[in-house]
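Small disclaimer: the values here were computed from a predicted structure and weren't measured. In this chain, residues are counted from 1 in sequence order.
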Amino acid sequence: MNEGVRETEEERAGPPCPGCGGRGPRDLPCGHRLCPPCLELCERELGETACTVCYGRDVLGGLVEGLLESLFQGQPRRDAPRPGRGREVCPLHGERLTLFCLQDEEPVCPLCRAAGHQEHRCASTEEAAQDYKRELRTVLKALEEKLEARNTAKQTCDEMAEHIKSQSLQTERLAKEEFEKLHQFLRDEEAALVAALKEEEEEKSQKIRERIEKMAGEIASLSDAIKMVEEELEAEDLALLQNFKTTVERARCTQQESEKAAGTLIDVARHLGSLKHRVWEKMQEVTQYSESRGRVSPVVLDPNTADVCLVVSDDLTAVRYTEDDQRLPDNAERFGYYECVLGAEGLGSGRHAWDVEVGESTEWALGVAEGTVPRKEWFPMSPETGLWSIGLYAGEYRARAPVCPPIAVKRTPRRVRVQLDWDRGRLTFSDPSDNALLYRFQHRFTDKVYPYVSNTSKHHPLRILPGRVSVIAE
């Protein structure tokens with residue numbers, strides 16, 4: 001209590017005496033304050049109540065003015081006032097503005113203070129200026145910090161603009177390559193179909209030519225038989241009777257019916273029947289998708305969420321770790337603290353499953369995460385923060401959950417199957433080689449979750465394996 005009173009009295013005492021540094025209870029008209037010993041000294045030496053600060057400043061100003069007069073004597077001088085010179089004098093009293101009213105926040109002269117600012121708290125212009133400078137320095141620092149933040153944000157935007165161009169070119173190149181593969185596949189299928197068609201055309205055309213030649217011979221034989229019968233009809237009766245049996249036998253030999261072979265035309269149905277479906281079945285060999293409850297549901301990674309130390313493959317299905325940070329923009333979606341990446345598509349109602357090849361990776365994690373998980377800072381990786389995952393850490397398989405002992409495995413899994421039953425709130429991890437259960441989370445999901453992959457083993461990438469494509473005809 002006494003310390004608080006003492007501090008208040010010191011504050012009321014004002015600034016220290018400019019002469020000796022002590023505290024003075026008396027205000028001078030100029031706004032400075034002198035302690036009694038210094039005030040008595042001024043009265044004795046100067047013969048009047050004067051301020052040592054103001055007196056010294058006036059004396060110094062006079063000396064400088066006299067020195068300038070002696071230096072420039074006889075030379076023309078410009079009498080233009082210095083900027084702000086006229087503002088140093090009170091427009092009402094003609095006195096110098098040596099005080100600053102803290103209440104009205106305006107400079108005043110000693111006569112102004114005696115006339116209308118007696119009850120107001122005043123300070124010298126030097127002290128007020130120092131206080132205001134400190135305040136302006138604080139404002140300046142805040143502005144400089146904002147400017148630095150804006151420059152950093154602009155640099156990030158510039159990097160994003162360059163990355164957008166790079167992404168566009170790379171995506172266009174990869175898309176053209178993928179479409180070229182599909183186009184080449186279709187061209188190959190078209191060429192194979194045309195080749196088979198031409199082969200069948202040549203084969204059946206050859207057979208029909210042989211039949212035409214055979215029929216031409218039969219026509220000639222029939223023509224000869226007709227001519228022979230006509231000649232016999234014109235012969236004498238005795239000759240006709242003598243040759244009748246021979247003539248009839250020869251005529252009957254030429255009356256054999258031609259065989260009608262089946263399958264002489266092009267088998268159009270074999271070439272065109274269900275053409276699109278047959279090509280689609282073959283196209284499955286060049287497509288990579290995952291199967292999810294009978295629906296085609298591709299599971300791909302979103303490179304815009306990958307940490308700078310993770311490299312996502314061109315087909316967006318594999319991720320590997322690198323010690324050399326990539327030059328990537330610090331966009332809002334990208335993780336900046338953990339080495340992880342999310343899937344591109346959120347998973348909601350229904351069942352979803354995908355297999356991940358972990359291989360020889362010595363440190364990895366798999367699971368699902370909510371889209372609201374922090375991206376730029378540390379957070380406890382657990383279901384409480386929207387992340388459900390298991391992984392291999394320091395040689396032990398563990399689930400990222402409170403108080404979870406190591407997961408016992410019979411053999412080291414080379415692949416891990418992630419199965420999400422969103423409606424029932426189940427997330428299951430198993431070894432697809434023998435369906436051995438590794439771990440299961442139980443949680444009532446309310447929002448979509450995204451596939452989560454983390455890998456810090458630089459020699460072994462993690463890859464999402466392709467599944468079969470199911471086509472359901474309705």
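- When the shell of 6.0 Å around CD of E135 is examined, it contains 12 or fewer heavy atoms from other residues, nucleotides or ligands.
- Between the side chains of Q155 and N151, no donor-acceptor pair of N or O atoms lies under 3.5 Å.
- Remark: R398 is not positioned above the aromatic ring of Y393, lacking an NZ or CZ atom under 6.0 angstrom from the ring centre and at most 45 degrees off the axis.
- Expressed to the nearest 0.5 Å, how far SG of C112 lies from CG of L97 amounts to 7.0 Å.
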(request) Apply side chain to side chain contact (heavy atoms under 4.5 Å, CB included) to the pair L310 and Y321, showing each step before the final yes or no. (result) CA-CA 5 Å; L310 293 183; Y321 177 82; 4.2 Å; yes
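- One side chain, E200 or H271, offers a donor N or O that lies under 3.5 Å from an acceptor on the other.
- At least one side-chain heavy atom of E106 sits under 4.5 Å from a side-chain heavy atom of H117.
- Salt-bridge check for K376 with D330: passed, with a basic side-chain N closer than 4.0 Å to an acidic carboxylate O.
- One finds no salt bridge joining K198 and E202 here, because no Lys/Arg side-chain nitrogen approaches an Asp/Glu carboxylate oxygen to under 4.0 Å.
- Taking the six-membered ring for Trp and thresholds of 30 and 60 degrees, W388 and F445 have ring planes more than 60 degrees apart, a perpendicular arrangement.
- Exactly one residue among C109, P110, C122 makes a side chain to side chain contact (heavy atoms under 4.5 Å, CB included) with T98. That residue is P110.
- Counting heavy-atom neighbours within 6.0 Å of E210 CD, excluding the residue itself, gives a total above 12.
- Residues Y338 and E377 share a closest heavy-atom pair of CE1-O, 4.3 Å.
- For D355 (side chain) and I464 (main-chain N/O), no donor-acceptor pair under 3.5 Å exists by modelled atom type.
- L438 places a side-chain heavy atom less than 4.5 Å from the side chain of V409.
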(request) For the pair D324 and T322, evaluate side-chain hydrogen bond (donor to acceptor under 3.5 Å, both in side chains) and give the outcome as yes or no after the intermediate values. (result) CA-CA 5 Å; D324 299 327; T322 176; 4.6 Å; no
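- With contacts defined as side-chain heavy-atom distances shorter than 4.5 Å, the pair C340/Y452 qualifies.
- The existence of a salt bridge linking E178 and K181 is confirmed by a sub-4.0 Å separation between a basic side-chain nitrogen and an acidic carboxylate oxygen.
- Here R375 does not pair with E333 in a salt bridge; the nearest charged N to carboxylate O distance is not below 4.0 Å.
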(request) Just do the side chain to side chain contact (heavy atoms under 4.5 Å, CB included) check on V312 and R320 with the steps written out, would you? (result) CA-CA 7 Å; V312 180; R320 64 179 177 86; over 6 Å; no
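- Across all their heavy atoms, V373 and T385 have their closest contact at CG1-O, 3.4 Å.
- Residues L342 and L301 have side chains not in contact (no heavy-atom distance under 4.5 Å, counting atoms from C-beta outward).
- Counted within 6.0 Å of CZ on R150, heavy atoms from surrounding residues, nucleotides or ligands total 12 or fewer; the atom is thus considered open.
- Within 6.0 Å of atom CD in E177, more than 12 heavy atoms from other residues, nucleotides or ligands are found, so the atom counts as buried in its surroundings.
- In this structure, S454 contributes its side chain and E339 its backbone to a donor-acceptor pair below 3.5 Å.
- Electrostatic pairing of R351 and D421 counts as a salt bridge here, judged by a charged N lying under 4.0 Å from a carboxylate O.
- Side-chain contact check for L465 versus V356: every heavy-atom pair is 4.5 Å or farther apart.
- S457 contributes no side-chain N or O that, together with a main-chain N or O of S361, makes up a donor-acceptor pair within less than 3.5 Å.
- With 3.5 Å as the limit, one finds no donor-acceptor pair spanning the side chains of R400 and S382.
- A donor-acceptor pair under 3.5 Å links the side-chain atoms of Q326 to the main chain of V308, judged by distance alone.
- For R270, the CZ atom sits in a packed shell: over 12 heavy atoms of surrounding residues, nucleotides or ligands are nearer than 6.0 Å.
- Rounded to the nearest 0.5 angstrom, L272 CG and D267 CG are separated by 9.5 Å.
- Between Y132 and F100, the distance separating the two ring centers is shorter than 6.0 angstrom.
- You'll find the side chain of T264 reaches within 4.5 Å of the side chain of R211, heavy atoms only.
- Side-chain N or O atoms of S274 include none that pairs as donor or acceptor with a backbone N or O of H277 at under 3.5 Å.
- Here D158 pairs with K154 in a salt bridge; the nearest charged N to carboxylate O distance falls below 4.0 Å.
- Using modelled atom types, one finds a donor on one side chain and an acceptor on the other under 3.5 Å when comparing D423 with S349.
- Using a 3.5 Å distance cut-off with no hydrogens or angles, the side chains of E363 and T456 do pair a donor with an acceptor.
- Panel note: side chain Q442, backbone R424; a donor-acceptor pair is recorded below 3.5 Å.
- Between the side chains of T317 and R463, at least one donor-acceptor pair of N or O atoms lies under 3.5 Å.
- For K448, the NZ atom is loosely surrounded, since the number of other residues' heavy atoms within 6.0 Å does not exceed 12.
- The shortest distance between side-chain heavy atoms of L420 and V449 falls below 4.5 Å.
- Here the straight-line distance linking atom CD1 of I208 with atom CG of L265 works out to 8.0 Å at 0.5 Å rounding.
- Taking the centre of each ring, F379 and Y337 stay at or above the 6.0 Å mark.
- Shortest non-hydrogen contact noted between I407 and A399 is CD1-N, 4.0 Å.
- Counted by atom type alone, H163 and E159 present zero donor-acceptor pairs between their side chains at under 3.5 Å.
- E189 and K282 are joined by a salt bridge, as a carboxylate oxygen and a charged side-chain nitrogen come within less than 4.0 angstrom of each other.
- The backbone N or O of D447 sits less than 3.5 Å from a side-chain atom of W422, completing a donor-acceptor pair.
- Not a single donor-acceptor pair under 3.5 Å links the side chain of S168 to the backbone N or O of I164.
- With sequence neighbours excluded, no residue forms a ring pair (Phe, Tyr, Trp, His ring centres under 6.0 Å) with H460.
- Under the 30°/60° scheme for interplanar angles, the aromatic rings of F179 and H183 are found to be tilted.
- A side-chain donor from one of D431 and S433 sits under 3.5 Å from a side-chain acceptor of the other.
- Of all the heavy atoms in M283 and F185, the pair that sits closest is N-CZ, 3.5 Å.
- No donor-acceptor distance shorter than 3.5 angstrom exists from the side chain of S430 to the backbone of P432, with no hydrogens or angles considered.
- No side-chain heavy atom of P383 sits less than 4.5 Å from a side-chain heavy atom of H443.
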(request) Evaluate the criterion side chain to side chain contact (heavy atoms under 4.5 Å, CB included) for residue pair E126 and Q130; output intermediate values, then yes/no. (result) CA-CA 6 Å; E126 292 85 352; Q130 292 300 324; 5.5 Å; no
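- Here the closest non-hydrogen pair linking D325 and C309 is OD1-CB, 3.9 Å.
- Between Y439 and F441, the distance separating the two ring centers is shorter than 6.0 angstrom.
- Summarising the local packing, CD of Q167 is surrounded by more than 12 heavy atoms from other residues, nucleotides or ligands at distances under 6.0 Å.
- Side chain of R209 to main chain of K204: no donor-acceptor pair is present (N/O by atom type, distance under 3.5 Å, no hydrogens or angles).
- The shortest non-hydrogen separation linking P413 to Y397 is CD-OH, 3.5 Å.
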